Amino acid sequence: VVSVDRGDAMCRIFTVFGHDRSRREYAELPVAADLEPQTGHWSAYPAVAIRRLARNFGISLGAEIAVECDLPESSGFLTSSAV
C-alpha cells in the first residue's frame with residue numbers, strides 16, 4: 001500500500017487484478033459519513049472503511065491510495081478483504 005494526501009474530500013484507490021496483474025482498476029470515493037458502498041464490487045471494502053473514518057473520527061480529507069497484493073484470486077485467502 002502506498003498513499004499520498006489530497007486536499008479535497010475524495011479518495012482515489014488504484015489496484016491491479018489477474019494472475020498476470022494486467023487488469024488495472026481504480027475507484028473514486030467521496031469521504032462522507034453517508035457513503036453507500038457499491039454492493040458486489042471490490043470498492044465496497046475501502047468504501048466501508050472510508051465511511052467509518054468519516055462517521056467515527058471526523059476524517060474529511062481524502063487520499064490517493066495504491067494497493068497491490070500477490071494473493072491469488074478466489075484462493076480462499078480472503079483476497080477481497082485483504083484489499
Side-chain angles (χ1 to χ4, degrees):
V1 176
V2 177
S3 68
V4 64
D5 295 341
R6 289 177 59 121
D8 60 8
M10 290 298 293
C11 283
R12 193 168 9 193
I13 300 140
F14 300 87
T15 192
V16 293
F17 293 96
H19 67 280
D20 61 355
R21 296 188 174 134
S22 62
R23 196 173 99 217
R24 299 172 190 269
E25 292 191 21
Y26 76 94
E28 290 186 339
L29 304 167
V31 178
D34 61 349
L35 175 60
E36 287 296 325
Q38 184 180 347
T39 304
H41 191 261
W42 67 266
S43 66
Y45 293 95
V48 170
I50 292 165
R51 182 177 64 191
R52 176 69 61 171
L53 289 168
R55 277 186 188 171
N56 292 56
F57 302 101
I59 301 299
S60 60
L61 295 177
E64 301 274 337
I65 304 167
V67 178
E68 189 169 341
C69 170
D70 62 359
L71 293 174
E73 288 186 62
S74 303
S75 63
F77 288 111
L78 299 172
T79 52
S80 296
S81 297
V83 170

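Note that these values count all heavy atoms, side chains included, but never hydrogens, waters or copies made by symmetry. Note that the structure is predicted; figures quoted are calculated from it, not measured.
- Criterion: ILVMFWY side-chain heavy atoms under 4.5 Å apart, direct or through other members. Under it, V48 and V1 are not part of a common hydrophobic cluster.
- Other residues sharing a hydrophobic cluster with L61 under the 4.5 Å side-chain heavy-atom criterion for ILVMFWY residues do not exist; the residue is a singleton.
- Residues that satisfy the side chain to side chain donor-acceptor pair (under 3.5 Å) test with Q38, not counting sequence neighbours, are absent from this structure.
- Counting only residues at least two apart or in different chains, side chain to side chain donor-acceptor pair (under 3.5 Å) contacts with residues 1-11 comprise R6-D8, R6-E64.
- Among residues at least two apart or in separate chains, side chain to side chain donor-acceptor pair (under 3.5 Å) pairs with a member in residues 24-35 are R12-E28, R23-E25, E25-W42.
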Side-chain donor-acceptor pairs under 3.5 Å in residues 50-59, sequence neighbours left out?
{"from": "R51", "atom 1": "NH1", "to": "L35", "atom 2": "O", "distance (Å)": "3.3"}
{"from": "R55", "atom 1": "NE", "to": "A33", "atom 2": "O", "distance (Å)": "2.7"}
{"from": "R55", "atom 1": "NH2", "to": "A33", "atom 2": "O", "distance (Å)": "3.4"}

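- Nearest heavy atoms, A9 versus S60: CB-O, 3.3 Å.
- Follow the hydrophobic side-chain contacts under 4.5 Å out from V2 and you never reach F14; the two are in separate clusters.
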